[in-house]
Amino acid sequence: MTDALLSVRDLTTEFATPNGSIRAIEDVSFDVESGEKLGIVGESGSGKSVTARSIMGLLDENGRIANGSVELGGHDLTSLSERELTDVRGTEVAMIFQDPMSSLTPVLTVGTQITETILEHRDVTKAEAREQAIDLLEQVRIPDPESVIDTYPHQLSGGQRQRVLIAIAISCDPDLLIADEPTTALDVTIEAQILDLLEDLVSDRETSLVQITHDLGVVAETCDRVAVMYAGRVVEQGPVSEVFVEPRHPYTAGLLRSTPRIADVEPELLAGNVPDPGERPVGCNFAPRCPHSTDDCHVDDPPLEPAGAASRPSAEGRDAAPAEGREVASGEGREAASAEGREVACVRTDDIGTLEPIPEAKREQTATPEVGPTIVEGERVEKDFSSADSLLDRLLPGGEPPVRAVDGVDLSLAEGETLGLVGESGSGKTTLGRLLLELTDRTGGEIRFDGRPLAEVPEQELRSRIQFVFQDPNSSLNPRQTVGKILRFAIKKHDAATDVDDRIAELLTEVGLDPETRHDYPHQLSGGQKQRVGVARALAVDPDVIVADEPTSALDVSVQGQLLDLLDDIKRERGLSMVFISHDLSVIRHIADRVAVMYLGRIVEVGDTRGLFGAPQHPYTEALLSAVPDPDPGAEVDRIVLDGEIPDPKRPPEGCNFVTRCPEAMAECESHDPELVANDDGEVACLLHHDVVRGESADGATVSDGPPESEAGDAARADGSGDSV
Amino acid sequence: MSGENPTGGSAGTDDSAGQTADESTKPESPTGFRRTWRGFRAHGLAVAGLVVVSVVTLVGIFSYVDDAFLGNSLITSVYYSPFAPEFMPLQGPSMAHPFGTDTLGRDVLARTIYGAKVSIQVALTAVLVAASLGSPLGVVAGYLGGTVETVVMRTVDVMLGFPALVLAIGLVAALGFNLTNVIIALGIVYVPQFARIARSTALSVSNEEYVDAAKALGYSTPHIVFREVLPNCISPLLVQASLLMAFAIIAEASLSFLGLGVQPPTPTWGQMVSDGSGYLTSAPWISLFPGAAIFVTVLGFNLIGDGLRDALDPRESAERRF
């Protein structure tokens, strides 16, 4: 470990706040060898981003490194002046930021921003720098780099902007790349592209990579080693293949077990929240949430020690922990583990032994809930957003075509059912959800509620029977109203007779909050608590249907699990129907009975969850599923990486909307727009599958000449997946 | 914190109106307010402004009470009457008359003290009038959009087309020269300032999810506008109010200087500056001291406005700096 490229030792960073100084990270130590890919994983508040910023010397002005050292290639970065650091940044270490929207200057062209970095660090002419910039854009696989170099950031998509950021980061051949959640803001198919790109770049250039993420799947797929952070400390580190398979720290195990997976297992709950910096408990930070904690845990912060170097497990310890029997826990295994740099910060490691990363509970055979009559039904629902807003725009001919956000969607929701609506950003899933509540006026089609068209349902009835749970906990509650007041309005609006105070208490209890929360203002609550209040507000009117729009996407894994369980319980107890909108397939897998996959304003496939996840029919569904990073490092990686990005919804392609990215596109796909056609396994809008049902389907007749045999289709599919891995 | 009343007058009432419906909850003010106060206190100059404005306000209240209810007995018992021309005219500052005496032999300090009443009265009430007309108009326009917005905002644009003082002069000339009409005129002149800010804030607040939630719950439009949107537009309006109070003081002084405002013998700072303008070389103190009073008070309101702007911007709050 002496030849480590980056060596972080006992790094402690403090932030000055009005309430005194707060330690965001404490005693963080890890090494990155050259060419190694280290993942730093943790929930929000774990201090992973602060760690990265401390290394780069990019702390906000109220932060300072209180202790420890950061050695990069032999010199200590913490002792360098700002001027010296500037030289180091870019040439020796470079950072890729999370938000590609705000990390590029909007007023300069992409080319200027790349050449700027090159000119700063290299002795080249402007023309040479431009050449290099074009070369870099090509390396990050931006099509047509010669023209992209003169564009402005807003003309590029999020994925392309992230590529530009990567190009800037690698422009001066740094030895170390630090990527702070590089794919969090991106869609899953774009994420797959970027992760692929990063992996190739890093291995081609023999650069080291520190990847900071909250997504265990990303670490499992892209990193060699992992450091798990919790509440400002590294609690466990080691090779991914070991840590994720045989975690030794209870938090690592808890995190792994609570992560919703595509695989057929029920995620477990990790109770509680990450404590805020400044409110961390005495002793082990995880002790209050740890199922294995004893009094010993509340004494001191456990140091990070080689997993095998602690005193040999006593015989009692061995007996006490049944899992201890595994090979890793035996002397030989432990030595091997410590030789691999396996370290864990837990006083009870030897008693606990290795833990199981995958919850035992198999997913319950989705006892298909007795499907009641259809309660909400949409028929050819359409929504155009027109950019022609002003009077002048309307009078003048031409102009931009409208954005077809929802383009003729049929859907139905049965009583007591959870319908998952999944798609990437721009697929129209949120707009569709809003249309169901008439939060947005539709441009075409018909939505029926309880058999009646929405226009015939009295406003009061509609508002009390169908409710919305919003995405952003910071925006969905009025910051100037207490929780009690927020609920009071909703309750009074629909049932003036009840005892409001009792109802408030009841509702808060139902969503798992203390009734005393009513006196709090939203900013006093955590993200998860806010979302619970949002759920309580929706329940306040006693609705029959809830439309939940990405209610968990802003939450940490463990909190997300808690909220999903809550929604599921409430749904079951109240017999609600639910439309659950999400971009996250593993979440959908966990909660939905039936799934509708959306792409570019259309539903491309509908099916019951098990069937759709087990045997996706539409190539898009298939690609989506394969793109989800799996936290199991042993999982077979058979990724289909889709090329390109979602087309501009103002100008959808001719024929099938997916044709521009489909690995199995055929000639017919460019001219025929497939209808959603039912077959044995659900409904799918793809010519590949229409052939099968062609005999029965009238739409199939539109496919005129020589549709490929289904065998041919299968062969094409095999090829497609083979190519794109 | 009582000192904040003059500045936060209008907004303070809005806030507490929002609280009253919540009778069962704790009487404690929201910690958001405390955070604002802490941010404000950290702003040294803003506190200085607050002190200045508080002192001027107290002086104003004193002179109001003394004049309206006690027949000037308070001030004459400890000092001189601001009205009686009982001294040698045009005396320079001395121990007996720290600010000197004016052309008629009245004590300038006594008159400056009494002048605070008019300035503070105009600043508070005119801005309150403007805020309570302009803010709801702007919020409604911003939330509803469409024709309502077009009508309201174009009217506002037309009003902004006139220089504020010219418009005020016109209004006062039409209504008649007295304190009430000055307040009404300035109140109307400042409506567009509030309407514009309220509209732009309401536009962004309308995109918040809690407004959608309110729609999904079937709340009435007035409920959404006044319970959900308006309270969240308060911060920039509060800043605007404190800055406009400074402008209102200057405008009132200008009107008085031109003889269009409050009529003699009631002393106002602008009128006093005007009285002394003919004697600037021989007796500068007649104009200098009321002029300095205007300057210091306006500065005080401006400093408060700056401090409020920083303290109310949540992004400036150091607590969230992680």
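So that the names make sense, note that chain A is the first sequence line, chain B the second, and so on, each numbered from 1. All values reported here derive from a predicted model rather than from experimental measurement.
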task: Begin with the C-alpha distance, continue with both residues' side-chain angles, and end with the deciding distance and a verdict on side-chain hydrogen bond (donor to acceptor under 3.5 Å, both in side chains) for Glu208(B) and Ser475(A).
output: CA-CA 6 Å; Glu208(B) 297 281 333; Ser475(A) 157; 3.0 Å; yes
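The greatest number of non-hydrogen atom pairs below 4.5 Å with chain B, out of Leu477(A), Asp549(A), Val541(A), is found for Leu477(A).
Under a 3.5 Å cut-off, the side chain of Arg280(A) and the backbone N or O of Asn285(A) do not form any donor-acceptor pair.
Put simply, NZ on Lys215(B) and OG on Ser220(B) are 13.0 Å apart, with the number rounded to the nearest 0.5 Å.
Neither the backbone nor the side chain of Leu462(A) comes within less than 4.5 Å of any heavy atom in chain B. When heavy atoms are compared at a cutoff of 4.5 Å, Arg434(A) approaches chain B solely by way of its side chain, counted from C-beta outward. Heavy atoms closer than 4.5 Å to chain B are found in the side chain of Leu439(A), but not in its backbone. Heavy atoms closer than 4.5 Å to chain B are found in both the backbone and the side chain of Gln471(A).
With sequence neighbours excluded, the residues forming a salt bridge (charged side-chain N to carboxylate O under 4.0 Å, His left out) with Arg465(A) are Asp450(A), Glu461(A), Asp544(A), listed by chain and number.
Contact annotation: the side chain of Phe489(A) never approaches that of Asn478(A) to less than 4.5 Å [non-hydrogen atoms, C-beta and beyond].
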